[in-house]
Q: 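To start, I am sharing the structure in question, which I have written as structure tokens.
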Amino acid sequence: MEQKISKLKNEVKAKIASISSAKELTDLKVEVLGKNGELTLILRGLKDLSESERPIVGKIVNEARVELEALFNEKFSALERKELDEKLLKEKVDITVDKNYTLGKVHPLNAIKRKVIDFFVSMGFIVTDSPEIETQYYNFDMLNIPADHPAREMQDTFFITDDILLRTQTSAGQIRTMEKTKPPIKMISPGRVFRSDEADATHTPCFHQLEGLVVDKGITMCDLKGILASFAKHFFSKETKIRFRPSHFPFTEPSVEVDVSCVHCGGEGCNVCKHTGWIEILGAGMVNRKVLSGCGIDPDVYTGFAFGIGLDRITAIIHGINDARVPFEGDIRFLKQF
Ligand code: PHE
């Protein structure tokens, strides 16, 4: 009996070593250790042995069982590992193989925005963010825009509810800053704004502004003019001049429209400046007393200026883009030029 078991064990060991698939291994395991397996049958036959033989043979069979089980398990893991390695090798993807990819780059509008931000940061302004979805309170009320002002009408503003709208100007960010911060304040706030305009060569329902706000003791219009003149020189060219034209915004008093001398003709007159020699790039003014006091800032102690730069406009001027819709289209042929 002992010999029979030892022979069986050696045969099975040899078979396990030569097997190369998990299926064959499972079949062999059933043949040997399964319900009707060879070793199991021997174990069952123990009852027919004499009482003195039974424990000795029983011990040998059990040892053989334990030894073979361990060998099966070892082989199963080896086969599993091998199969996984083969699978990984087969499914390997070389991501560097496709040489036809195109590299993206910064959109011209964002490139200009970053340049404008860099200038103001270098002048000590901090950059703030403000929501694109606003309330009437921040977009209009607090900016001294009366309830019957035409800008508040459905045809000009995208209303979400009676009270909630897509901001029409980054000026809403001035209020959010003044509510939270006490002077001195020196901030810019760039972002998207929305107006219910039909898209054409000079209008798009979404465009970009960069708001600026300075509030402190003794701030005057000279400070506004100084900062904007430096900006124009830094941004366009050393020769660029600015001029102020009287204008009206409910939240600034006095208000101005600011032009730069034409960057294309230097002021001689050309198609870009419509032969005027000047190009309008922003609205600005001294912060209205009502706006300051609305935000809890004493207008007898503090004064300030604010400005709103049209980022799309200066991008168009710099790159000679003559249709406002094109930068929004994401057309690769357009973007590739920058
Ligand atoms: N918010 C104004 C506009 O959208 C621009 C502006 C900003 C004017 C700040 C004055 C001060 O036209």
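Counting starts at 1 for both ligands and their atoms, in listed order.
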Q: Check for me whether R167 meets the cation-pi criterion with Y138, that is, NZ or CZ under 6.0 Å from the six-membered ring centre and within 45 degrees of the ring axis.
A: no
Q: Under a 4.0 Å heavy-atom cut-off, what residues line ligand 1?
A: Q169, S171, Q174, R195, Q209, E211, F249, F251, T252, G283, A284, A306, F307, G308
Q: Verify, without hydrogens or angle tests, whether R65 (side chain) and T40 (backbone) share a donor-acceptor contact under 3.5 angstrom.
A: no
Q: Centre-to-centre under 6.0 Å for F119 and F125, is that the case here?
A: no
Q: Please say whether the positively charged group of K225, taken as NZ for Lys or CZ for Arg, lies over the ring of F244, i.e. under 6.0 angstrom from the six-membered ring centre and within 45 degrees of the axis.
A: yes
Q: Do the rings of H107 and F334 sit parallel, tilted or perpendicular, given the 30° and 60° boundaries?
A: tilted
Q: Side-chain donor-acceptor pairs under 3.5 Å in residues 307-326, sequence neighbours left out?
A:
residue: D312; atom: OD1; partner: H208; partner atom: N; Å: 2.5
residue: D312; atom: OD2; partner: H208; partner atom: ND1; Å: 3.0
residue: R313; atom: NE; partner: E280; partner atom: O; Å: 2.6
residue: T315; atom: OG1; partner: L311; partner atom: O; Å: 2.7
residue: D323; atom: OD1; partner: R325; partner atom: N; Å: 2.9
residue: D323; atom: OD1; partner: R325; partner atom: NE; Å: 3.0
residue: D323; atom: OD2; partner: R325; partner atom: NH2; Å: 2.9

